[in-house]
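Heads up, the thing below is written out as structure tokens.
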Amino acid sequence: MAESYPNTNMPGSTMDRYNYSANLEFSDFFDFTDWTKGDLALIVSGYPESQNYAANDVVNSGGSSSYHEDPNNIAASGDSRSVMGEKQITEKVAFKTKSEIEILDDGFKWRKYGKKMVKNSPNPRNYYKCSIEGCPVKKRIERDKEDPRIQIDKIESSSSRKRNRVPAIIVMESIVQMPYDATVRLMLASLERNLLPDAVIRRLTRLLLASRLRSGYKPSAEFQLSDLVHFAHSLREMPIAIKTERPKSQHYEVPTSFFKLVLGKHLKYSCCFFPDKSSTLEDAEKAMLELYCERSQIKDGHTVLDVGCGWGSLALYIAQKYRNCQITGICNSVTQKAYIEEQCRDLQVQNVDIIVADISAFDMEASYDRIFSIEMFEHMKNYRDLLKKISRWMKPDGLLFVHYFCHKTFAYHFEDVNEDDWITRYFFDGGTMPSANLLLYFQDDVSIADHWLINGKHYAQTSEEWLKRMDQNSNSVKPIMESTYGKDSSLKWTVYWRTFFIAVAELFGYNNGEEWMVSHFLFRKK
DNA sequence: CGCTTTTGACCAGCGC
DNA sequence: GCGCTGGTCAAAAGCG
């Protein structure tokens, strides 16, 4: 078996690309008028003392809107009482962070307006205002006089106008200090209200990934090959796929018009390949499609099956490139089929047939020279049964090409067991995160001919492009979100989709793309 | 040049 | 009122 792990040709210093943040107005993030209903101050009431406070102290669902007094006298001088006559509303929070880093970047833009020595302390106190015009949030930062490694932040938002209350920033400042579960809970609460700047979502995502890498994803602290073998074995006991309807409704029934605005012109809703970092998304879509053709050794005249064809990016690409190929695509939604057939008419292509079916239940007699599956195995469980079924659709000398995203070492289920895993809940419930070589444990009916890995940065950049396009087309996206999710939830879902793209980018960009990545397999029939 | 940071002046509150 | 402290302003300095 020839295994090669080619350098995926991503140039070195590309991190600047990944610091992209959307050019949105302050008011796009902070919907003041919405806050009068859910009292955000409650979410952050109390002064978290960096180490030893319980999550429940932070997420306080009852009580008054004023903040609790600091048990450790961190912020004794604050005055949150209402001024006589007009209603002055002040939200405050204070916390300590242990950090060697001189200036902690919290993702917000600040303007420094003062610096003062504090009595009885060798360290100065710095005064900042949020640099966005009209934002009433201020913060002051000083270092602990006993332990200068500890940074003390006090943040307050004060305004006479109720609609200008800005506890959002307080939420954000607090959550980055919190234990894992409290962080997640607040992130969710903040997300729903559209309160987090991209930089914060990115930072939180990385924190969560780091935390999960330490404990959550791995079946054991020392992940061993035997764990993977066990995982692979356990998949054999499961149905081919579970909960096939949920991801479909979660994800794939959003109107095609949305994906037309977000994806590249091939409508490839999977990882693209960037020959260099300045490649356009269209280039990258094409480069990956071309890579599939090359690695699968496809020839003109072959019969081709694309299992899980989506909007037909690969089917249509092959149909145009190899006019004598006859291509069948299987997708799970009628809207996708309708779109592909429309494309066939526009492109004057006659060699494509689309079947709408649930792969786990579907079967047929036909057989093919080449079978492709692009990012569909992630929705499946029982790879043995699935590969057995697919192998029956292969001609004796046929080849199967599989592309899935993966973790380099371990495999895990996407399960909606933790409320924290909102990506699972809303986008991938019932799916699997395979390990890079998981399919090699399922060679009952097929055997490996070749195997490649692709650095995760390609997916990171792909998702960044999707995000960029979604933002650029926000005017057109808005009515789609409103008609899909309802006017009340459209903002929330817009945020979810943006956060999903950000999270995908951070996941695959993690550890320079060497942690989560994309795996390609070429199998022959046994 | 366009931005941020520094810095002394100023101001408000408070205890005496 | 006076002295002290903490917070703010805005002119000047610093920076890439």
Side-chain angles (χ1 to χ4, degrees), chain A residues 12-30 41 44-49 65-97 99-162 164-170 172-174 176 197-200 202-203:
Chain A
S13 56
T14 54
M15 283 319 286
D16 49 329
R17 276 199 80 82
Y18 300 93
N19 290 331
Y20 164 85
S21 77
N23 188 21
L24 293 174
E25 295 300 313
F26 186 67
S27 56
D28 293 332
F29 282 124
F30 296 84
V44 290
S45 55
Y47 288 107
E49 247 290 341
S65 65
S66 66
Y67 66 99
H68 300 323
E69 203 47 60
D70 171 29
N72 297 301
N73 256 340
I74 298 174
S77 68
D79 183 3
S80 65
R81 289 169 304 176
S82 297
V83 177
M84 291 282 274
E86 77 182 85
K87 233 183 182 171
Q88 185 77 19
I89 296 147
T90 306
E91 310 286 351
K92 296 190 179 198
V93 71
F95 48 83
K96 296 179 174 179
T97 315
S99 164
E100 308 288 332
I101 303 161
E102 198 67 44
I103 297 143
L104 290 169
D105 177 17
D106 58 25
F108 289 91
K109 288 276 266 182
W110 299 98
R111 187 183 84 242
K112 194 173 182 177
Y113 69 92
K115 183 179 181 176
K116 264 268 189 296
M117 291 313 295
V118 199
K119 67 161 190 167
N120 300 329
S121 171
N123 307 314
R125 176 183 296 148
N126 296 296
Y127 297 86
Y128 296 85
K129 280 182 84 154
C130 179
S131 15
I132 280 101
E133 178 142 357
C135 178
V137 176
K138 285 180 261 191
K139 72 171 180 178
R140 49 211 154 123
I141 295 178
E142 65 194 81
R143 298 217 158 241
D144 191 289
K145 58 176 183 257
E146 262 92 51
D147 184 353
R149 284 173 305 172
I150 294 176
Q151 175 176 298
I152 302 167
D153 288 36
K154 296 174 189 171
I155 301 177
E156 74 174 66
S157 165
S158 172
S159 173
S160 55
R161 290 187 307 168
K162 207 175 180 185
N164 264 3
R165 300 169 60 194
V166 190
I169 195 157
I170 298 173
M172 186 283 304
E173 285 285 357
S174 303
V176 294
D198 288 7
V200 176
R202 287 171 188 278
R203 181 167 163 192

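Small disclaimer: the values here were computed from a predicted structure and weren't measured. Letters A, B, ... are given to chains in the order of the sequence lines, protein chains preceding strands, and every chain is numbered from 1. Only this structure's heavy atoms are used, side chains among them; waters, hydrogens and symmetry mates stay out.
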Checklist entry - Looking at residues at least two apart in the chain, or sitting in another chain, which of them share a side chain to side chain donor-acceptor pair (under 3.5 Å) with A:K112? => result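 Only A:N126 meet the side chain to side chain donor-acceptor pair (under 3.5 Å) criterion with A:K112.
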Identify the pairs formed between an N or O of the protein and an N or O of nucleotides 5-10 of chain B at a distance under 3.5 Å, and give each distance.
from	atom 1	to	atom 2	distance (Å)
B:dT6	OP2	A:K112	NZ	2.3
B:dA9	N6	A:K116	NZ	3.3

Checklist entry - NZ of A:K115 to CD of A:E142: how many Å apart, nearest 0.5 Å? => result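 Going from NZ on A:K115 over to CD on A:E142, the span is 13.0 Å.
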Checklist entry - Atom NZ in A:K116, atom CZ in A:R125: separation rounded to 0.5 Å? => result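 Taking NZ in A:K116 and CZ in A:R125, the distance rounds to 10.5 Å.
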Checklist entry - Once you round it to whole Å, what is the distance between P of C:dC4 and CE of A:M117? => result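 From A:M117 CE to C:dC4 P: 18 Å.
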Checklist entry - Expressed in angstrom and rounded to an integer, what is the separation of A:K139 atom NZ from C:dG6 atom P? => result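 After rounding, the gap between these two atoms is 20 Å.
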Checklist entry - What one-letter contact string describes nucleotides 11-16 of chain C from 5' to 3', where B marks a base within less than 4.0 Å of any protein heavy atom, S marks contact via sugar-phosphate atoms alone, and - marks no contact? => result ------
Checklist entry - Which atoms form the tightest heavy-atom contact between A:N123 and A:V118, and what is the distance? => result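 That would be O-CG2, 3.5 Å.
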Item to check | Where A:M117 and A:P122 come nearest, the two heavy atoms and their spacing | outcome: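 Closest pair (atom of A:M117, atom of A:P122, distance): CE-O, 3.3 Å.
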Item to check | Given A:R111, A:R140, A:K139, the one that forms side chain to side chain contact (heavy atoms under 4.5 Å, CB included) with A:Y128 | outcome: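 When A:R111, A:R140, A:K139 are each tested with A:Y128, the side chain to side chain contact (heavy atoms under 4.5 Å, CB included) holds only for A:K139.
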Checklist entry - Once you build an axis from the first five pairs and another from the last five of the helix from B:dC1-C:dG16 to B:dC16-C:dG1, how far apart in angle are they, to 10 degrees? => result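 The value is 0°.
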Checklist entry - Within the structure, does a side-chain N or O atom of A:Y127 lie under 4.0 Å from either OP1 or OP2 of C:dG7? => result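 For A:Y127, the contact criterion (side-chain N or O under 4.0 Å from OP1 or OP2 of C:dG7) is met.
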